[in-house]
Amino acid sequence: MGGFSQMKLAVNFLTIGLVLLSLPCGSYTEIPPKPPGSVTVLPPVKPAGGPQAFPDAENSNLPVFTMNYPRIQVPFEVTLWVLLASFAKIGFHVYHKITFWVPESCLLISIGLIVGAIMHSVHEEPPAVLSYNVFFLFMLPPIVLESGYFMPTRPFFENVGTVLWFAVVGTLWNSIGIGMSLYAVCQIEAFEVQDINLQENMLFAAIISAVDPVAVLSVFEDVSVNEQLYIVVFGECLFNDAVTVVLYNMFNFVAEMPMVEPVDVFLGVARFFVVGLGGMGFGVIFGFVASFTTRFTSNVREIEPLFIFMYSYLAYLVAELFSISSIMAIVTCALTMKYYVEENVSQRSCTTIRHVVKMLGTISETLIFFFLGVVTITTEHEWNWGYIMFTLLLALVWRGLGVLVLTQIINPFRTIPFNFKDQFILGYGGLRGAISFALVFTLPDSIGRKKLFVTTTICMIMFTVFIQGISIRPLIEFINVRRTNRNLETINVEIHSRLIEHTISGVEDLCGQWSHYYWKDKFLKFNNRILRKILIRDNRAESSIVALYKKLELQNAMEILDTVSGDINAGSSIVPLHEEKKGSGKPKRKFVAADLMNMHDILSKNMYKIRQRTTAYTTKHSLPNDSRTKEILIRRHTSIRRSLRPGSLNGPNEAKSQKYFSLPPGKSLDSKFPPQRLRHTGNDDDETMSEVDYPSARSRFNQPSRSSSRAMLPLRRLNTLTEVPSSSVVDLVDERSGGRGAWGRGMSRLNSSSSDSRIPVPRHDPSNGPDNGSSGDHDSGDHRPEGEQQPLSPTPAWAAEPGERDDSGTQKPLLRPQWKTRKP
Amino acid sequence: MQETGFTPAHIVRLYDRFEALDKEKTGLLRPQDFGAINGLAMNPIGDRIIGAFFSPGQETVDFHSFVRILAHFRPEDKKRPKDPSMPEPVNSRTSKIKFAFQLYDQDKDGKISRAELLQVLRSMLEMQVTEEQLESIADRTIQEADLDKDDAISFEEFRKSLEKVNIDHKMSIRFLR
């Protein structure tokens, strides 16, 4: 703890130092640089600005050291502010408990408040970065891009109806409801706000019904709220930005008109459609263009990420040009692009893109909240108890009502209806944030009570972010806990429930993209047949799981090389299992309550969570991580290895031969057909695990095949491996699995036959193989000691091979040790 | 397909899915076809789930078995009359529990032995849990459930331990209704 507090102290000092430093440079009113008078704090800058002018050439000598502040002023200040906000962010994460209970947005606002207070006391003006242009052109796009890019597409599309329903109708409901009620409240004389007319009220209501996802989503992830809820909140926040902006512009326009006619209402609706659909259309077009471009960038890998950013930004700007919803444009652009681009670009570019998108988004968000804090102190406020309190109240009420009513209407259409708990969270999770903040500042000054609106909005944001944001986590846990705690869970129940959950998750995956929507299926077919051909470079399928597996193989191959002793460990861990099986005489342990708590703890912390498709994509403050899948894959691999080791006659040889596994460059993997000979033994104490592992190991490998012809299939599959040299270890797996059944053999046969014309004989075998293999070896398939090759008639054919193959040098290293022992 | 209770529309969809999985168009599914599914591969017990589809001794799954196994996950028909003479429908609570039981009991001896339990635990828990912790958890599990003290969990004991759990809720996939 001492370390922490010291670090914190240091960070704080730094922050304060920076603040003080930035104070003198703090005030400017417009982005275009103009040295303001307050710069006098610094040593007077020679107006001559440096070594160029020599006012009195004969008097002053060549200045050795000069300062030219105005020249760098603007970028300097911008950088300082960004740094300041980032230091604040570092500061909070030093002490983890804080970020657990208090969402980051709160913390940032607080620091902003402090800084604002400091600035105010020194009578400085904050930088006016919240001018309309700066916010909407520079600060908003990165946030929206980040949200759009990391949106989990499948759950999103499955729930698109609900999302749009809540976003559009919900926001409309909220704005109109709040607007009307506020107007009614304004009529009450006591509050002295009678001069706010209906249009202005509606405008204001539109502004504050915009929901901001930031705080909510981070809590949602941590508490692993169910996916449906997550995606609806997420989608709603994203799309209601668009609706809000439309409403805002509409009401703004209307507010300036003396009279509202029915025609205008109709036009308003029409405009809404134009804006929404237009935004989406632009986004999709730009997305496609971007994907198409990346098809050709294989030679300019370094600038690949640039295209993503440029195209999405372009989509945004073009949409702004036509005054249609730029947010929708950029979101749809990101959605469309992501799918195709990630297949086209290299792995590194993909990582770079993700990382930069995340970074830009986080910075923008940080800055916005920070400025929220600063500006709160430094703007002029107009406080009106009645108006503000009522706004808060009404916002909550209308949102709650809205959620209730809307859910009732849409529940019958959903496959998984929302229960009351979900609805509560949906309603309570409506925090306001950046968009409202920016919009209120950009209200035209013609509105008389602008300051009041500003104050109210800021209050609203503060209230929701602080109070609702901080309390939502305990509430979620409370509700959850209350549900399941009624029956104290036994360890049994916990384990079995988790097993069941995993099963369900697995079976759902098995059932695949299940859609009740005809259009979705049609789109998928269209996608596969046409779009992919155009937009993706040579249709290579490098799915991330294959890439991940390859990486693991690389690691594992290296491990194998140096862990001979590892065998002993691996082997020994199997032995106890067997002893257990034989009925151990272990005395029954008594479990103390403390033990129990411990166990529950261990289980709840360490059991793999059900694969949350959402959290994999959208962890707000970190990049998606795949350490869990790595663990699973490593474990599978270890179990496979484990079952190979003991009894392996060729243990040391195998270790040695693994060295040859690195594929000699230029040769295709096809030539390394996996000889099922290399089934060392079937050690199968671990039979149950390994037995079933193979199919998945093998086929995971084979997975992304696009070609339709059967013969091509194996070739294609192997081809995906040509890049990674050590994927041969996977071949080891193939071989192991090759023994398991006909399909393995059939495959390997095909592989070799397609690659090597020297061996005509095996071509017959695919017909024999399946028959032979299927003669019931599912259970005992692993026990093929080398000798038992009789069922395989092609044995003699294979026997011919090594002789031929030996000259191919390192290509058949696997064979060598094997055959040495085998040949009679 | 009355026994499974699927509507014809569902069966058509399941057939589409079956065909989509069956890349080699043989009309039968093999383990590697299952393994090609991304999500299953990353599932800690994915291999067991796949194994459950294959009857012992079989290496392929035909459409009939595919549907039959999936029928386990249909939500229960609450309105079904309790007719003791009819065979237990596939998606009844008992059948679902049996399915889960079989995921543990790989050697099909009707009991979940300590070793089998350990295996499942090991696959479901992250790497940092030590072997001792695993063993103590397994011990505790057996202790809690094992009523006849044979150091293994039989199907009846398994069922009893889950009596408070809403199996229908947990083990149903809604869209298969």
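Within every chain, numbering begins at 1; the chains are lettered A, B, ... in the order of the sequence lines, protein sequences first and strands thereafter. Keep in mind that this is a model prediction, so the values were computed, not measured.
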J.: Measure the shortest side-chain to side-chain distance between A/Ile495 and B/Ile137 over non-hydrogen atoms and say whether it is less than 4.5 angstrom.
T.: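 Sidechains of B/Ile137 and A/Ile495: in contact.
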
J.: Under 4.5 Å heavy-atom distance to chain A, tell me which part of B/Phe18 shows up: side chain, backbone, both or neither.
T.: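 Neither part.
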
J.: What part of B/Phe66 lies closer than 4.5 angstrom to a heavy atom of chain A: side chain, backbone, both or neither?
T.: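 It is the side chain, since no backbone atom gets that close.
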
J.: Mind checking the CG-NE2 spacing from B/Leu117 to A/His496? Nearest 0.5 Å is all I need.
T.: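 Here the interatomic distance stands at 7.0 Å.
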
J.: Can you sort out the partners of B/Glu19 under side-chain hydrogen bond (donor to acceptor under 3.5 Å, both in side chains), two or more places apart, ordered by chain and number?
T.: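 Partners of B/Glu19 under the side-chain hydrogen bond (donor to acceptor under 3.5 Å, both in side chains) test: none.
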
J.: Once salt bridge (charged side-chain N to carboxylate O under 4.0 Å, His left out) is applied, do any residues pair with B/Asp150, and if so which ones, sequence neighbours excluded?
T.: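 B/Lys111.
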
J.: Can you tell me how far CG of A/Leu499 sits from CG of B/Leu103, rounded to the nearest 0.5 angstrom?
T.: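 Output value for this atom pair is 5.5 Å.
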
J.: Out of curiosity, A/Ile500 CD1 to B/Ile97 CD1, how far, rounded to the nearest 0.5 Å?
T.: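 With rounding to 0.5 Å, CD1 (A/Ile500) is 7.5 Å from CD1 (B/Ile97).
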
